2 protein chains.
Amino acid sequence: MAIETTRRQQIEDAASALFRERGYAATSVRDIAQALNIQGGSLYAHVASKEDVLWSIVSRAADRFNAEVGPLATDPGAPAAPSAPARLRAMIRAHVEVVTSSQRDAAVFLHEWRFLSDERRAQMAARRDAYEALFRQAIGRGIAAGTFSPVDPRLTATAILTALNGIATWYRPDGPLTAQEIADHHADLFIRALTCGAPGSSRERTDS
Amino acid sequence: MAIETTRRQQIEDAASALFRERGYAATSVRDIAQALNIQGGSLYAHVASKEDVLWSIVSRAADRFNAEVGPLATDPGAPAAPSAPARLRAMIRAHVEVVTSSQRDAAVFLHEWRFLSDERRAQMAARRDAYEALFRQAIGRGIAAGTFSPVDPRLTATAILTALNGIATWYRPDGPLTAQEIADHHADLFIRALTCGAPGSSRERTDS
DNA sequence: CCTACCGATCGGTAGG
DNA sequence: CCTACCGATCGGTAGG
């Protein structure tokens, strides 16, 4: 049972590793080719441009975040809607799961997307804003329900996502904390910040 | 009264602006020279290398953070030590003040420092760790005093600083929120997260 | 996928 | 601070 990997996929993997450690602008196409033991020009049998490779990595990472977190943010059809704290906790967990399990691509997505062409960068900015809106809404709903303190949803969503994205910079799979522990710690922290002193905080926990 | 600005300073200012918007690796020495209406080679009458300019920008930014936040973190000689929440609030305010008032240099400091030479990068990594330690200690003291929940000081300090540093990416002086409002919002958020449900939270506010 | 090449640009220097 | 230049390297292509 051979592991299926197209040449294109190998190129993206090698490029992602290099973009992550040196940055997109400081990585040459010859660096990428060398990692695969081929000549620089040979890359162009598989990709149209260096920027094209970046685009593939970045859009795939964006897809993963949407695939994991999106379903938790939108109301499910059948079952009862979760409480605001429970929903936000699930979203934080899912986001951290993607950050840690797709760490390399996530780091490139977060730090190198500005090297995309104007058009693609604008497209990605729109996707990112839509994604952040999922968190803004989750927070806004909690405020409306009285379970969350009346914070600024935009500012708070940005603070939460910035902190979670930062995990991509320092997380080590062999470190002292598992991805789950890190996720739970952050979820605890931010949900405490949001529920503490909330209008309808009558001491009983609707969380988790 | 002419505004005193050395050529070296002008170079660093122009470079900082360019490093910030394009990144260090994607900025050429000719780009910097062009911003000052001189030839590329002429830069080298004032600087030893491109990396030298980056180093100046980055270390000056690091100095500012230390100068503003350091005194708040270490116990003052004469007056009574502030409570843990009050101290952390002051540190958060001071950090955000530097991020927003030195936004351009702070952004370069935060995002481009990895392009320093190995030696300088290691030096800066040590400074950053010492700086983060100020926040870890402030949190640790609060936990020891029973005013803060028993969180992981390292993880929490990193979360706070990552969120605060993110402000450098999106803050606009002409935006809807002042730097002070942003600072207070973040201070409120994180201090609520830390004090809520703390062992010694007997409902009276020792904060600010 | 290779060889061989394109024009452009890189950081930096010599000599004034 | 300029002119003129250094060797190296850049992203990408032609033709096989």
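Numbered from 1 within each chain, the chains take letters A, B, ... in sequence-line order. These numbers were taken from a predicted model, which means no experiment stands behind them.
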By side chain to side chain donor-acceptor pair (under 3.5 Å) - contacts of D118(B) (at least two apart): R121(B)

Paired stretches of DNA chain D - 3 or more consecutive Watson-Crick or G-U pairs, each distance under 3.5 Å: C:1-16 with D:1-16

Listed partners of E132(A) passing side chain to side chain donor-acceptor pair (under 3.5 Å), at least two apart: T158(A)

Pairwise salt bridge (charged side-chain N to carboxylate O under 4.0 Å, His left out) hits with a residue in residues 28-49 of chain A, at least two apart: R22(A)-D31(A)

Members of residues 53-60 of chain B that approach DNA chain D, where some heavy atom sits under 4.0 Å away: none

Scan the side chains in residues 166-175 of chain B for donor-acceptor partners under 3.5 Å anywhere in the protein, sequence neighbours excluded, and list what turns up.
residue : atom : partner : partner atom : Å
T169(B) : OG1  : G166(B) : O            : 3.4
W170(B) : NE1  : G166(B) : O            : 3.4

Contact list for DNA chain C against residues 7-20 of chain B - heavy-atom distance below 4.0 Å: none

Whole-Å gap separating C1' (dC2(D)) and CG (L36(B)): 15 Å

Residue list, side chain to side chain donor-acceptor pair (under 3.5 Å) with H186(B), at least two apart or on another chain: none

Integer-rounded Å distance: dC2(C) P and I38(A) CD1: 6 Å

NZ/NE/NH1/NH2 to OD/OE distance under 4.0 Å, R127(B) and D63(B): yes

Length of the line joining Q39(A):CD and dC2(C):P, which is rounded to integer Å: 5 Å

Residues 54-62 of chain B side chain polar contacts: donor-acceptor under 3.5 Å, at least two apart:
residue : atom : partner : partner atom : Å
S56(B)  : OG   : R8(B)   : NH2          : 2.6
S56(B)  : OG   : E12(B)  : OE2          : 3.4
S56(B)  : OG   : D52(B)  : O            : 3.3
S59(B)  : OG   : W55(B)  : O            : 2.6
R60(B)  : NH2  : E12(B)  : OE1          : 2.1

Ring centroid separation H185(B) to F190(B) under 6.0 Å: no

Considering all heavy atoms, the nearest L189(B)-A159(A) contact: CD2-CB, 4.4 Å

Protein proximity profile, nucleotides 9-16 of chain C - base contact B, sugar-phosphate-only contact S, no contact -, cut-off 4.0 Å on heavy atoms: -SBBB---

Ring-face cation contact, F135(B) with R154(B), 6.0 Å cut, 45° max: no

Audit row: Q123(A), R120(A), side-chain hydrogen bond (donor to acceptor under 3.5 Å, both in side chains) steps and yes/no: CA-CA 5 Å; Q123(A) 206 174 316; R120(A) 286 172 161 172; over 6 Å; no

Pairs satisfying ring-ring contact (aromatic ring centres under 6.0 Å, His included), at least one member in residues 23-44 of chain B, at least two apart: F19(B)-Y24(B), Y24(B)-F115(B)

Those residues that, when tested against R104(B), pass side chain to side chain donor-acceptor pair (under 3.5 Å) (two or more places apart): D13(B), S16(B)

